[in-house]
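Only one structure is covered here, and it is reproduced in the block below.
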Number of protein chains: 2
Amino acid sequence: MSLGVITVAGMTLGAINYARRVARWQPDARGRLQHAALTLYGERGFDNTTVAEIAEHAGLTKRTFFRYFADKREVLFWGSEALEELFVTEVARTPESAAPLDAVAAALDAAATMFEERRELAVRRQQIVAANPGLQERELVKLASLAAAVAEALRRRGIGDPAAILTAEAGIAVFRVAFERWVDPTNPQPLQRLIRESLQELRAVTAA
Amino acid sequence: MSLGVITVAGMTLGAINYARRVARWQPDARGRLQHAALTLYGERGFDNTTVAEIAEHAGLTKRTFFRYFADKREVLFWGSEALEELFVTEVARTPESAAPLDAVAAALDAAATMFEERRELAVRRQQIVAANPGLQERELVKLASLAAAVAEALRRRGIGDPAAILTAEAGIAVFRVAFERWVDPTNPQPLQRLIRESLQELRAVTAA
DNA sequence: TACCGTGATGACACCAAGTGACATAAGGCG
DNA sequence: CGCCTTATGTCACTTGGTGTCATCACGGTA
């Protein structure tokens, strides 16, 4: 039921900026914090890890942690805006003639390949999130935000308001269902295939 | 985007138990806490209200608050199991011959009348929740839980697994969209009508 | 009547998340 | 050289949340 990998942790985008500078501090503080958090959450669990410990592992202080991440959970979800962007651009890219749900389907396809490239990390994070209700809570927020962004992208295509939200929301539901099956180790199918199956299932179920 | 009234605050179920006893303490501690919380959250906002203050207003202590509610947010959502039950029984009640989405539609109809009877409270709570991201977060959890319960009810009707989840999730999305329009004061239409419209919209959008 | 168990509450200490205010140090730049 | 900027550290503080023990009135029982 939990997604767990909506973000692109470990991309350490910040490092690019630092690269050309002389290292006044150890570079990529954000990435180090993410890495430490992922490790510690995985080892002892989310609840049994304090922010102070994460910061210490990264050679920083608690205060600095909270300068990079709004709270203890956010460190696992940083980067989810990138996924949102992917969805939005992909929806915008599909030809005007395509039906709204088909535009969303195209975005889902694109997202699938993105996740497929990082399966390792995705599964690892999923396990952490699945083990903690608080993290699942945060994940729902991210998915809701994603759905809202997709709805907005559909509106820019001229789709009316109830339709835009419903299409986006249904699309995200399809993604969730497919993702859940994808991370199940007993079910080694490509995400793209699972998404297409789920989408078909949705169409069948809503057919009058 | 936020529901805000998934629960039935103020029902003070506990009072029934106390009624026949001699009042050793003021009766209905839970109800008093809920009332105080709703008032204070409404007056000064969720963040500017401490649990100690709520408890004090109810003539109790912080410690007792946390005996009744798992956390500061939960006080606004206590009773959501009742809604879950309504959905589940309603889905189970519809004739076997009905399509899965129609069973969910029946449940939505039942929920609509339930909310219609408490519009006042519903809107008040919605405003509080809408004003605070943390509360919206919790609401998403409740909706996810609701969707999971509906999916389970559908499975008990013999619906397969991807279909059950997708139907439930789509149904809840319909409910959310309709509810959002219902609490909008510029749009004074009965909830049931809005739900039916949204459902039709969903069908149109997913039609191949 | 004296005693005991029980259940809701209070008192208190404690931990950890999160914030605000200020200090520090090193680099860039005029 | 000195100033400004920027990332970090220090410290104190609030508050959500929990563990533990005390209290106290009732109801039952001997």
Side-chain angles (χ1 to χ4, degrees), chain A residues 12-37 40-41 44-78 132-135 137-138 141, chain B residues 12-34 36-37 40-41 44-78 128 132-135 137-138 141:
Chain A
T12 63
L13 299 170
I16 298 160
N17 282 332
Y18 286 110
R20 57 177 67 169
R21 298 192 185 188
V22 181
R24 182 151 108 205
W25 296 280
Q26 290 300 311
D28 192 20
R30 166 169 267 129
R32 275 151 51 213
L33 287 167
Q34 282 183 310
H35 183 256
L40 292 175
Y41 291 169
R44 1 178 148 163
F46 179 79
D47 286 331
N48 297 321
T49 306
T50 71
V51 173
E53 285 167 347
I54 298 171
E56 197 185 355
H57 268 244
L60 294 165
T61 59
K62 191 181 93 171
R63 195 66 186 83
T64 300
F65 178 96
F66 286 111
R67 285 199 182 95
Y68 283 100
F69 305 103
D71 59 55
K72 196 185 168 188
R73 300 176 204 170
E74 201 62 19
V75 62
L76 281 177
F77 295 94
W78 196 83
N132 187 278
L135 292 173
E137 201 166 330
R138 179 56 51 87
V141 172
Chain B
T12 64
L13 298 171
I16 297 159
N17 281 333
Y18 284 110
R20 54 178 67 170
R21 298 194 186 186
V22 181
R24 182 149 108 209
W25 297 279
Q26 290 301 311
D28 191 21
R30 167 169 267 129
R32 273 151 52 215
L33 287 168
Q34 282 183 310
L40 292 176
Y41 290 170
R44 5 179 145 163
F46 180 80
D47 286 331
N48 297 322
T49 307
T50 71
V51 174
E53 285 167 347
I54 298 170
E56 197 185 353
H57 268 245
L60 295 165
T61 59
K62 189 181 95 170
R63 196 66 187 85
T64 299
F65 178 95
F66 286 111
R67 284 199 183 96
Y68 283 100
F69 305 103
D71 58 54
K72 194 185 168 188
R73 301 176 203 169
E74 201 62 18
V75 63
L76 282 177
F77 295 93
W78 196 84
I128 294 175
N132 187 277
L135 292 173
E137 203 165 329
R138 178 57 51 86
V141 171

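Nothing here was measured: the structure is a model prediction, and the numbers come from that model. Proteins get letters first, then strands, A, B, ... in listed order; numbering begins at 1 in each.
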> Atom CD1 of B/I54 and atom P of D/dG17: how far apart are they, to the nearest Å?
Replying inline: 10 Å
>> The side chain of A/F66 is closest to which nucleotide in this list: C/dA17, D/dG16, C/dG20?
In response: C/dA17
>> Cation-pi check for A/F69 against A/R30: NZ or CZ below 6.0 Å from the six-membered ring centre and within 45 degrees of the axis, yes or no?
In response: yes
> To the nearest Å, how far apart are A/E56 CD and D/dT10 P?
Replying inline: 12 Å
>> Can you measure B/R73 atom CZ to D/dG17 atom P for me and round it to whole angstrom units?
In response: 7 Å
> Whole Å only: how far is the CD atom of B/E53 from the C1' atom of D/dT15?
Replying inline: 11 Å
>> By nearest heavy atom, map A/L60 and B/V51 onto DNA chain D; which one lands nearer the 5' end?
In response: A/L60
> Is there a side-chain contact between A/Y68 and A/R32 (heavy atoms, below 4.5 Å)?
Replying inline: no
> Contact class for B/G134 vs. all strands (heavy atom < 4.0 Å): base, sugar-phosphate, or nothing?
Replying inline: nothing
>> Counting only side-chain heavy atoms from C-beta out, which of D/dG9, C/dA17, D/dG17 sits nearest to B/K72?
In response: D/dG17
>> Does B/K62 contact D/dG17 through a side-chain donor or acceptor facing the base, at a distance under 3.5 Å?
In response: yes
>> Expressed as a whole number of angstroms, how long is the span from A/D47:CG to D/dG16:P?
In response: 18 Å
>> If you count heavy atoms of other groups shown closer than 6.0 angstrom to CD of A/E56, is the number above 12?
In response: no
> What is the distance from CZ of B/F46 to P of C/dG18, rounded to the nearest Å?
Replying inline: 13 Å
> Under the 3.5 angstrom rule, does the side chain of A/K62 hit a backbone N or O of A/T50 as a donor-acceptor pair?
Replying inline: no
> Atom CG of B/L40 to atom P of D/dG16: distance rounded to whole Å?
Replying inline: 12 Å
> Any side-chain heavy-atom pair from A/V75 and A/F65 closer than 4.5 angstrom?
Replying inline: yes
>> From C-beta outward on B/T61, which listed nucleotide comes closest to its side chain: C/dG10, C/dT9, C/dT19?
In response: C/dG10
>> Can you see if the side chain of A/Y68 gets near the phosphate of D/dA7 - specifically, an N or O under 4.0 Å from OP1 or OP2?
In response: no
> To the nearest angstrom, how far is A/R44 atom CZ from C/dA16 atom P?
Replying inline: 12 Å
> Got a donor-acceptor pair under 3.5 Å from the side chain of A/R63 to the base of C/dG20?
Replying inline: yes
> For DNA chain C, whose closest nucleotide is more 5', that of A/T49 or that of B/R67?
Replying inline: B/R67
> Is the shortest side-chain N/O distance from B/T64 to OP1 or OP2 of C/dG10 below 4.0 Å?
Replying inline: yes
